[in-house]
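I have placed the structure first, in the form of structure tokens, so that the comments after it can refer back to it.
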Amino acid sequence: MPAESEVTWVEPAKLGLFEQLYLPIITDGLTTTVKHLLSVGSRLTESYPEQEPKLPPNYRGVHRLNKDEQGRTKCVACYMCATACPAHCIDIVAAPAPEAWKDREKYPETFVIDELRCIYCGMCEEACPVDAIELTTLYDLTGLSREQMIFDKEKLLSVFDQTTKAGTDPVRTRSGALGPASEAPPV
Amino acid sequence: MPTVYVNDTPVEIGTKKLNCVQAAELAGVLVPHYCYHPGLSVVASCRMCLVEMGELKDGKVTMQPKVFPGCQTPVKDGSVIVTGEYATKRANTPLAYDPAYKPGDRAKKAQADTLEGLLLNHPLDCPVCDKAGECKLQDYSYQFGRTESRLVDEKNQPPNKPELSSKITLFTDRCIMCTRCVRFTREISGTAELQVVGRGHHEEIDVFPGFPLENKLSGNVVDLCPVGALGSKDFLYTQRVWYLKTTDNVCGNCSTGCSVHTDTNKDIVYRLRARENLDAQGYFICDEGRWGYHYAQSPDRIIRTYTKAADGKLKAAPLGPAFPSMLKKLVEDALYVTGKKAVVVLSPFLTVEEAFALGTAFKGINKDVRLVLGPVPVVGEDDHYPKNAKGEHVPPAKFTIHAEKCPNRHGVEAVLKQLQGELIRFTDVTHHDLNFLWFAGGYREPKWVDMAIPDGWKAPPTLIVQDHFASKLTAAATVVLPATTPFEKEGTFVNHAGYVQPFPRAVKPGTEVRSELQVAFDMAGKKGLATVAPVRDELAKQFPQFAALAELKTTANKKVALATV
Amino acid sequence: MPEFDWLTLGIVIFGVIAVVMPTVGYLTLSERKISAWMQDRFGPNRVGPLGLLQPLADGGKFFLKEAPIPRHVDKLFFLMAPAASMCTALVALAVVPWGPTQPPVQLVATVTEAGTPAPTADAVAKFEEQVVANKKEFKGVILPGLDIGILYVFAVGSLAVYGIILGGWASDNKYSLLGCLRSSAQIISYEIPLGMSIVGVLLFTGTLNMEGMIDWQAKHGWFIAFQPLAFLLFMTSVYAECNRLPFDLPEAEQELVGGYLTEYGSLNFGMFMIGEYTHMITTSLLMTVVFCGGWSLFGLENLMADSVIWNGVIKSGIILAKAGFFLVMYQLVRWTIPRFRFDQLMDLAWKVMIPLSILHLLAAMLVREFNLNNWVLTGVSVALFLSAGVLGVLFGKGPNNTPRRRVVKRQPELAAR
């Protein structure tokens, strides 16, 4: 609450003759609207099904789970996304990583996102320490049942394949290692 | 009175022999520490507790020129302790320091430098570390440490040692070499499996090949580890600790009655940790209690009510609103004439309140009903620690696992003696010809019930069993009711030494479960939800030794020391 | 007493309604299209080519949707309201000429100029002759030659408010009631300048008959030239009468949900819409007929004077084109001027328009009394308009009681950022 000393009061501007006469002002307004009426070329509407929208790369659509170079999920099942999620739509079951995965100890046995419950805020992406979860520009998410809209790990990984193949969402990841804190500082 | 000054706050220490950490704690000042543990010997190896020391003599303070490890430095009258938080946490007017002396600066720098050293080789894999959220290294780094590492060389990355034990895994790279675990195995369990191998930056915790960390107290090293190096395989990767709700509970697995923290999430118990209670058991708990909670979530558990159908088989019965009155009618009909041939068994797994409420309820229906103490499971002999390499106990005992595997024999016995003047044991009535038997069980091992039933035992016509698992008794029962575990109820246990411990409820029982106390309310004809408080009041009114219980309306997170029974 | 040919009359009525209804439909489409274009959108373009079948789809939807009647409403009045709204609008349309009209049959004077009585039989014969000749003409009006024409339109047109008041009252709903109360206050207020503005015209034409008005203007020139102020007042009042923006307070959805329309759905709602748009058509035609010379257009109407049919088509075309212009004007104004606040609305009617119309009427009377040139009235009209503006500048209280605004000074460091 600002103090009264910080407040100025602005009186409304006094009307001149033109304003009082109404007509010149109305003519002015009509000119503007008619100009728009006649400017056929500047229609802003996108005819959606025929015309795909151009979305910015930071559009927050369907999630994907990123894969590393060996095709494994990058996720380390740290629950940071699930913790950050305000809608509680992420459900992870962690497990010790398979023996063959030498570089990590933990991986998600299951990773389920309820796309219906999700509010697409992007907190999960921000929270992820290994850039494993990202929101893609896939916006036309549909399903015939609630079950279809609950995406499991395979589905989320297939979204990665789909979006990288289509080139709509290139991998934005810097590193797959754990967090910037664990990286060696620049020399 | 001897007085110590902690950040200018005078603290009277009396005749106690304290070190700086303890003295500071008395003053409400935290001296961060890793290797120091009140239950273990002091080694001062982590250097986290460095403080500035001095002496107040004749109104003048003489400070020592170096910093001291707080855990290893005893205090005496006139000792002056200045911690790294002096500048921010000082409460009183400053003592008469040397004007050139800047209190707290050295300690603060020492703390930050110590942390930097500890973090040199730490992998900082907090996101995948189970300790994250309750990790002292995280907390102190945040509170006292530097924001970034200056290390340019590669970190040591020694391989993990999952084969350390069948129950415990070691993430070697996270270890900060506080050696609490090593000292524990040497001093408390005495089994000395763990040791430090290597030197300098290549120090590691390890076991001798072929001698894994397998003793009945091994789980305590997980609690002791201030970082995420030692992990319980039972809890590994199941939950992040910030999802867990901690309840201060009492272990119900033996008559020691250990104080524990029960960590739950969404009414599922995920782990038990030792709760420091010098009156009950000390600082530690045994593995049997620590990992013995699984029966509460066993798929074999009876979680709903069954009644005997016409064909003699048990059928699941819905727990409708009419069920309590139906059950009461069944009991009343059976008890109407033959009170002498009716027996109510109260197991030593019940809480004091439950035993009392059930006892009075049945006595109220027919005062000739005999209240009987249920079978008391005894497995082996009392197991005392520490032990030497041959497995023999070396007195004095620092921890005892009792052979009596029930938590509340003393409490139930006391209640039974008060209610009917004599104590009848289960073995006394198994050979009698009975008309009615109510068995309030709660046995986590069905074989303990089976063992108490003699061969050729004839089941009474009305047998109502409230228990966790199917046994010989449930097979012959007319009605089987689900029971509640100590996690699922509020109540009071009296341990082997007569120490009374009230505890709150940690998780909700299943939806179809009618707790023992609720059933007792049903039998007494009381309406509404059963709560412990009125039972405690009544108990305290009737029996003076439980008088202190009445003052404890709630038991949440309260340290209790009542008059022993 | 004019004679009625029931068959022709029936056909004409059917024909007119058959034209008006689709027109209303396409008016809604044009309304949506124009608003869309003004807002740089496409507007409805999915049903049919360029969305041209959209009104059909809308109409079909109106017919097929369930008509919800809330349980608590007064059912009779609730259903009567949309009917009243639509019927009055259609009935008002009956006398509005939309084609080539002839001056009405004049009663033949039975007194000569000198004051001596003329032979009555001659006069009657002459009148009969005129009537017969008149009947042979094609007339773009259902009820031709109604002598109280414009009064009838006003009378019936004002009844439209009954639809709104009934609807609002019967809906038994606070918002509806507020909407209908606003509407009644508004319409009654604007009736006055509406009627007053046209009295000046009537002074000159000497008839209420609309064919007569067109005839006068064809001979002397359009009233919009002689009485521009009257036209302005008339047009403004008509906007208010039709509940069109900027005077659509009865259905101000930001404040009143939907006003009197809140509880209506399906065809009931559709009837209100038809009523409103029919009203727009009527008033547009009225503006054309009363102020803009009807079918006259600088001699263009006489292009094919010899062919009755072509002449009729041209004249109808002219009058409809003029009406069409006013209809588009309605829509242009809708998306240009924001809605008035209610006190501003009342101020405009009572403090500006009614005094102006009285003064204008006075001027018209003076001009007529002293037989001055018609163009004098034009000058007076403009002068009155300008003087009203000057008075507003001199004594106006600022822009309609707008309160002063509270502005927090920005912190210097914030401003520097």
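None of these values were measured; they are calculated from a predicted model. Residue numbers begin at 1 in each chain, while the letters A, B, ... track the order of the sequences.
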* To do: List the steps, then state whether side chain to side chain contact (heavy atoms under 4.5 Å, CB included) holds for C/Val333 with A/Thr33.
  => CA-CA 9 Å; C/Val333 167; A/Thr33 41; over 6 Å; no
Is [X] atom [atom1] crowded by more than 12 heavy atoms from other residues, nucleotides or ligands, each under 6.0 Å away?
X        : atom1 : answer
A/Arg146 : CZ    : no
A/Leu38  : CG    : yes
C/Phe342 : CZ    : yes
A/Glu50  : CD    : yes
A/Met123 : CE    : no
A/Glu52  : CD    : yes

Supply the atom-to-atom distance [X] [atom1] to [Y] [atom2], rounded to the nearest 0.5 angstrom.
X        : Y        : atom1 : atom2 : answer
A/Leu17  : C/Leu386 : CG    : CG    : 7.0 Å
A/Ser39  : C/Met38  : OG    : CE    : 11.0 Å
A/Leu30  : C/Met329 : CG    : CE    : 5.0 Å
C/Gln39  : A/Arg43  : CD    : CZ    : 10.5 Å
C/Thr336 : A/Leu37  : OG1   : CG    : 9.5 Å

* With side chains defined as the heavy atoms from C-beta onward, is the minimum distance between A/Tyr22 and C/Leu348 less than 4.5 Å? -> yes
* Under 4.5 Å heavy-atom distance to chain C, tell me which part of A/Ser47 shows up: side chain, backbone, both or neither. => both
* To do: Output the option from A/Leu44, A/Val34, A/Ile25 having the highest count of non-hydrogen pairs under 4.5 Å with chain C.
  => A/Leu44
* Side chain, backbone, both or neither: which part of C/Leu332 has a heavy atom under 4.5 Å from chain A? -> both
